[in-house]
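For reference, the structure is listed below as structure tokens.
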Amino acid sequence: MSAMVSVGTMKTATAEDDVLPIVFLDIDDVLCLNNPYGGFDALEAVNGRHADPDTVLREIFAAEPKRVLESVHKEMGGQLRYVISSSWRQVFSREQIERVFRTAAVGFVAVGLHEKWETPSRLWRTDRIEEIESWLHHYHQGEPFVVLDDDYSGTSLTGIDEELKHPLAARVVLCPVGVGLTVEHLPIILDALRRPFAENSKERDDLPESGRSGRNVWCR
């Protein structure tokens, strides 16, 4: 597996803040459990095609996952940056994503979006691990980070912890489909965000610049 880089409260994100710990955030089955609403409902809402857009966006994320993410943010003193790794980034603009998070009462994510707010999105499909590695290759400055994903879309991240020297080891949380973030995930999330990245990393230049290709579809 490839290795990566090592270098070194709510307000608008600026370039000087980008050295803050990073949360790579998937949405489906992490925050959005598709009950009662899912990604397509949110897309219809932000594009003005839903009869009750505000209700959709208020209820788009499940209560417990929202509480857990809020706990993470508070435990870190609000000093976090968020990068969207979800397939939602392929069809929502940054402004639309911000509206979703703000209306869903998770506005701290909108405020804390990294300047480079999304992992690479291409015409051809790549695995989640490759998209995250590509972002790290290009933009990582040595910040601690954690990857929040789910068992379905994060299949390529499975087994990372078995490779102790892999840069993502002990930095990946895979939520069960239909369950999302739970309080049991808090210790590993906070440990990853507080642990210096250099402790298990090598060089950023070893990261691939792009992933394998395949057909791109709306995925979870």
Side-chain angles (χ1 to χ4, degrees), residues 9-34 37-39 41-43 45-46 53-89 91-119 132 135-136 139-150 153-154 171-175 179-195 197:
T9 304
M10 293 181 42
K11 58 178 182 177
T12 302
T14 63
E16 64 186 25
D17 290 328
D18 284 344
V19 294
L20 298 177
I22 295 169
V23 176
F24 287 95
L25 185 61
D26 185 24
I27 295 177
D28 283 308
D29 291 307
V30 174
L31 293 173
C32 176
L33 305 185
N34 295 282
Y37 303 111
D41 299 298
L43 188 60
V46 297
D54 287 341
T55 295
V56 170
L57 299 183
R58 280 197 304 268
E59 299 180 10
I60 194 70
F61 300 148
E64 182 178 5
K66 285 202 305 184
R67 282 195 297 269
V68 173
L69 190 61
E70 183 175 16
S71 294
V72 170
H73 196 81
K74 286 181 176 178
E75 286 287 333
M76 295 301 296
Q79 300 300 296
L80 291 175
R81 287 290 165 260
Y82 295 87
V83 176
I84 305 300
S85 55
S86 168
S87 56
W88 287 36
R89 76 200 190 285
V91 290
F92 289 79
S93 67
R94 176 172 181 146
E95 292 71 25
Q96 290 172 330
I97 283 285
E98 288 181 354
R99 180 184 171 192
V100 172
F101 281 103
R102 291 182 193 280
T103 310
V106 201
F108 57 84
V109 175
V111 172
L113 280 181
H114 196 285
E115 180 186 5
K116 304 298 183 181
W117 67 279
E118 58 181 339
T119 51
I132 291 170
W135 191 98
L136 289 165
Y139 306 120
H140 191 223
Q141 298 180 51
E143 310 95 322
F145 64 88
V146 70
V147 176
L148 306 184
D149 219 295
D150 68 272
S153 62
R171 295 189 183 276
V172 174
V173 169
L174 294 180
C175 304
V179 175
L181 283 173
T182 68
V183 291
E184 285 76 17
H185 294 132
L186 276 173
I188 187 172
I189 295 172
L190 293 172
D191 174 75
L193 292 172
R194 290 167 173 161
R195 177 164 27 93
F197 179 71

Should [X] and [Y] count as side-chain neighbours, where that means a heavy-atom distance under 4.5 Å?
X      : Y      : value
Cys175 : Asp29  : no
Ile97  : Val109 : no
Trp88  : Gln96  : no
Trp135 : Ile22  : yes
Leu136 : Phe24  : yes
Arg58  : Thr103 : yes
Ile84  : Leu113 : yes

On a heavy-atom basis, which atom in [X] and which in [Y] lie closest, and how many Å separate them?
X      : Y      : value
Arg94  : His114 : NH1-O, 3.1 Å
Leu174 : Asp150 : CD2-O, 3.7 Å
Ile60  : Gly38  : CD1-O, 3.3 Å
Glu59  : Tyr37  : OE1-CE1, 3.6 Å
Val19  : Glu143 : O-CG, 3.2 Å
Arg99  : Asp54  : NH2-OD1, 3.9 Å

To the nearest 0.5 angstrom, please state how far the [atom1] atom of [X] sits from the [atom2] atom of [Y].
X      : Y      : atom1 : atom2 : result
Ile27  : Ser87  : CD1   : OG    : 8.0 Å
Thr119 : Tyr139 : OG1   : OH    : 10.5 Å
Met76  : Arg81  : CE    : CZ    : 12.0 Å

task = Could you walk me through whether Leu80 and Leu20 pass the side chain to side chain contact (heavy atoms under 4.5 Å, CB included) test, one step at a time?
result = CA-CA 5 Å; Leu80 291 175; Leu20 298 177; 5.9 Å; no
task = Any chance you could lay out the side chain to side chain contact (heavy atoms under 4.5 Å, CB included) test for Leu148 and Val173, step after step, and finish with the verdict?
result = CA-CA 5 Å; Leu148 306 184; Val173 169; 3.9 Å; yes
inquiry  = Using 30° and 60° as the class boundaries, would you call the ring planes of Phe145 and His140 parallel, tilted or perpendicular?
reply    = perpendicular
inquiry  = Run Asp28 and Ser153 through side chain to side chain donor-acceptor pair (under 3.5 Å) and show every step you take.
reply    = CA-CA 9 Å; Asp28 283 308; Ser153 62; over 6 Å; no
remark   = Across all chains, not counting sequence neighbours, the ring-ring contact (aromatic ring centres under 6.0 Å, His included) partners of Phe101 are Phe61
message = Run the side chain to side chain contact (heavy atoms under 4.5 Å, CB included) test on Ser85 and Asp149 for me, step by step, so that the C-alpha distance in whole Å, both residues' side-chain angles and the decisive distance to 0.1 Å come before the verdict.
response = CA-CA 8 Å; Ser85 55; Asp149 219 295; 4.3 Å; yes
Please set out all donor-acceptor pairs under 3.5 angstrom arising from side-chain atoms of residues 180-191, sequence neighbours excluded.
unit_1, atom_1, unit_2, atom_2, d
Thr182, OG1, Glu184, N, 3.4
Thr182, OG1, Glu184, OE1, 2.9
His185, ND1, Thr182, N, 3.0
Asp191, OD2, Arg195, NE, 3.2
Asp191, OD2, Arg195, NH2, 3.0

task = Show your working on side chain to side chain contact (heavy atoms under 4.5 Å, CB included) between Tyr82 and His73 and close with a plain yes or no.
result = CA-CA 10 Å; Tyr82 295 87; His73 196 81; 2.7 Å; yes
task = Only pairs at least two apart or in different chains count here, so list each salt bridge (Lys or Arg N to Asp or Glu O under 4.0 Å) that has a residue in residues 62-78.
result = Glu70-Lys74, Glu75-Arg194
